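Just below is one structure, and these are the notes that go with it.
In what follows, chains carry the letters A, B, and so on, assigned in the order in which the sequence lines appear, proteins first and then strands, with residues in each chain numbered from 1. The structure presented is a predicted model; accordingly, all values stated were derived computationally and were not measured.
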Number of protein chains: 2
Amino acid sequence: MELKRATDGEKGFEKVFAFLRERLLAGSLKPGDRLISERELSTLLGVSRPIVREALRALTVLGIVEIRDRIGTVVTRPDVSVLNDFFTFALAQQADMLDDVMQARVAIECQAIRLACERANIADFERLQRALAKIGETIDEADAGGMADFDFHRAIVVASHSETLTVLHSSMAGLLTHSHRSRRELVQAFPSMKNYLIDDHRRIFEAVIARDPERADATLRKHFAIGDEYRRRAVVGDIDKTSASG
Amino acid sequence: MELKRATDGEKGFEKVFAFLRERLLAGSLKPGDRLISERELSTLLGVSRPIVREALRALTVLGIVEIRDRIGTVVTRPDVSVLNDFFTFALAQQADMLDDVMQARVAIECQAIRLACERANIADFERLQRALAKIGETIDEADAGGMADFDFHRAIVVASHSETLTVLHSSMAGLLTHSHRSRRELVQAFPSMKNYLIDDHRRIFEAVIARDPERADATLRKHFAIGDEYRRRAVVGDIDKTSASG
DNA sequence: GTTAGCATACTGGTCTGACCAAGATCAGAC
DNA sequence: GTCTGATCTTGGTCAGACCAGTATGCTAAC
C-alpha cells in the first residue's frame, strides 16, 4: 500500500505540519497546551521522528510553538517578533533597499505617533522625556547620541501601544542602525545639526504631550525630511560652516 | 573530543542555522545561489543530516530558501507568503491582533500614497484608474467588489515604487482580505456606503493625479476612518436606513 | 505518617547508516 | 554528432540507538 490515501494527501513533513496546523487553527490546540511527545506524534502519524522534528522546528521559527528541552513542546502565544527574523533576512539581501526601508520606517513611526497621541499614558510620557533629556546630554557623543536618538524614536512607537507597529519598527531599526550611526557622525561636520536634533525632538515630544496627532505627524515628517537634507548635503560635500569648530 | 570548541558556541540546529544566517545576511549567499548538499553541509559542520534538514526546513518556512526535491536547496528571493502563514496562525488564536495589523496597513498605505504622488508614472495612473472603474462596476458584488477595492489600494502601494512598502503591504493582504470581505458585506446593510466607497476612492485617485501628498494622505486617512465608523455602527447595530432597500 | 533519596520512565537532542526515487551527468553505442 | 542508458548525486525518509536532564513514584529512613 504505497499509494497515499485520500485522508493523508500530504506525505512526511507536510502531513505532520498539516496535522498540527489543523488543530492550531481549529483551536483544539491553544496557547499553553503541551503537545504529545515527538515519539507519540511520529507513531500516531506514521512518520519518523526526524520528520516530526522538522515540523515542530518549522512551527518554532514561526513562533507558534516552543520546544522545551526535556520538557516537551508547548503552544505559545503568537508573537509578532517572528517577523523580525523574516524581515532581517528579507531586507538584508537587498542592500539597495536601505532608502526604501527608511521610507517604511517613516511610515511606521508617523502612524505610531498618531496612535501615541491617543493612547500614550504617563509612563510613556516619562519615557519620552527621559529619552529627550538623554539626547541633549549626549549630543556630542556619536555612539551614545545615536542610541539616545534611537531610544526616543522607539519610545514613540512603544507609546502607540501597537505590538505590530513596534515589531515592524524594531526589525527595520536593526537594519538602520548603521545609517543611524553614520548620520550621527555628521553632527561633527554640521554643528547646526545639534540644534536641529534637540529642537526637533522637543517639538515632537510637545506635540505628543498636546495629544495633537496632525501636528505630531507633521513635525515628525519634517524631522525626517531635515535629516534627509543633511545627509544630502553631506554627500554633496556642502559642509556646514556657520558655527563650525564650536 | 566531545567538548564543543570555542568557535562553535551553538550546537546542532543552532550551529547550522547560524552558519547559514551568517552567509545570508553577509550576502555571500544571494538569491538564486544553490547551497551545498545536505550531506556536505552535515560533514562540514559536524552535525547529522537530520539536523541540517531542520535548519533548512526552518529557512524554508521563513521563505529564505527553497528545497527542491532531488535538485538541491536554493536561496530564494524572500517571499511574503510566509507572513501569510504566520498571520493565519496568529489570528486564529488572537483575533485582537487584527486591529493592530490594520494600523500597520494604514501606516504603510499612507506613506505609500505620499511616495506615489511623487513617483507614480502613467502606467500607475492607468492602473489606478482601471481599479477605480472596477470598484464602480462591482459595487453590488461582495466578492468582486472586495477584490476591486483591494486592487485599488494595492495599486497605490505599487505606485509608490517602494519594494519594502509593497512587501509589507502584501504581507498583510491575507488578513485584509478577510476584513475586506466582511466589510464589503456591509454594503448591503449600508446603502449609503456605496457612495462612500466610490466617491472616496475617486477623491483619493484625484489627489494622486494632482500629485498632492498632503491631500492624498489626508483623504486616505479619512477614507479609513469612515470605514472604521461604518464597522463600528455595524457592530452597534445602527443599520443605515436613509436609502435602504434601494 | 511523613519525608528524604534514589531508581526509573519519560522528554527532547542528536547521531549513524541505510534505502528509495528521480534529476544530472557522462560514457559508450549508433 | 546525437541518442541512450548506467551511474552519481540529491532530497525524502526511516529505524534504531545513545545521551542528558526532568518528573515521578517508590522505597527506605526518620
>> Students often mix this up, so state it plainly: with edges at 30° and 60°, are the rings of His201(A) and Phe152(A) parallel, tilted or perpendicular?
In response: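 Perpendicular, since the angle between the ring planes exceeds 60°.
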
Could you tell me the separation between the [atom1] atom of [X] and the [atom2] atom of [N], rounded to a whole number of Å?
X	N	atom1	atom2	answer
Leu56(B)	dT13(D)	CG	C1'	15 Å
Leu45(A)	dT13(D)	CG	C1'	15 Å
Ile51(A)	dT14(C)	CD1	P	16 Å
Glu66(A)	dT11(C)	CD	C1'	15 Å
Leu59(A)	dG12(C)	CG	P	14 Å
Ile67(A)	dT22(D)	CD1	C1'	17 Å
Glu38(A)	dA17(D)	CD	P	18 Å
Arg39(B)	dC15(C)	CZ	P	16 Å

> Taking N and O atoms by type only, does the side chain of Arg68(B) place a donor or acceptor under 3.5 Å from a partner on the base of dG23(C)?
Replying inline: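 Absent.
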
> Would you say the base of dT14(C) and the side-chain of Arg49(A) have a donor-acceptor pair closer than 3.5 Å?
Replying inline: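 By the distance-only test, yes, there is a pair.
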
>> Taking the nucleotide of DNA chain D with the nearest heavy atom to each, does Gly46(A) or Ser37(B) sit closer to the 5' end?
In response: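 Its nearest nucleotide lies further toward 5', so the answer is Ser37(B).
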
>> Pick the closest DNA chain D nucleotide for Arg34(B) and for Ile71(A) by heavy atoms, then say which residue is nearer the 5' end.
In response: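 Its nearest nucleotide being more 5', the pick is Arg34(B).
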
If you check the [X] side chain, which of [options] turns out closest?
X	options	value
Arg70(B)	dG12(C), dT13(D), dT10(D)	dT10(D)
Asp69(A)	dC15(C), dG12(C), dT13(D)	dG12(C)
Thr73(B)	dG11(D), dG12(C), dC15(C)	dG11(D)
Pro50(A)	dA22(C), dA15(D), dG12(C)	dA15(D)

> From Ile204(A) CD1 over to His153(A) NE2, what is the distance, rounded to the nearest 0.5 angstrom?
Replying inline: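 It comes to 5.5 Å.
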
> When rounded to the nearest 0.5 angstrom, what is the spacing between CD1 in Ile67(B) and OG1 in Thr76(B)?
Replying inline: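 Going from the CD1 atom of Ile67(B) to the OG1 atom of Thr76(B) covers 11.0 Å.
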
>> Does Glu40(A) reach a base, just sugar-phosphate, or nothing at all? Heavy atoms under 4.0 Å.
In response: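 It contacts sugar-phosphate atoms only.
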
>> I need the single residue from Arg114(B), Gln111(B), Glu163(B) that forms a side chain to side chain donor-acceptor pair (under 3.5 Å) with Gln103(A). Which is it?
In response: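 It is Gln111(B), the one option of Arg114(B), Gln111(B), Glu163(B) that forms the side chain to side chain donor-acceptor pair (under 3.5 Å) with Gln103(A).
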
> Have Ser37(B) and Glu40(B) got a donor and an acceptor in their side chains that come within less than 3.5 Å?
Replying inline: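 Judged by distance alone, the side chains do pair up.
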
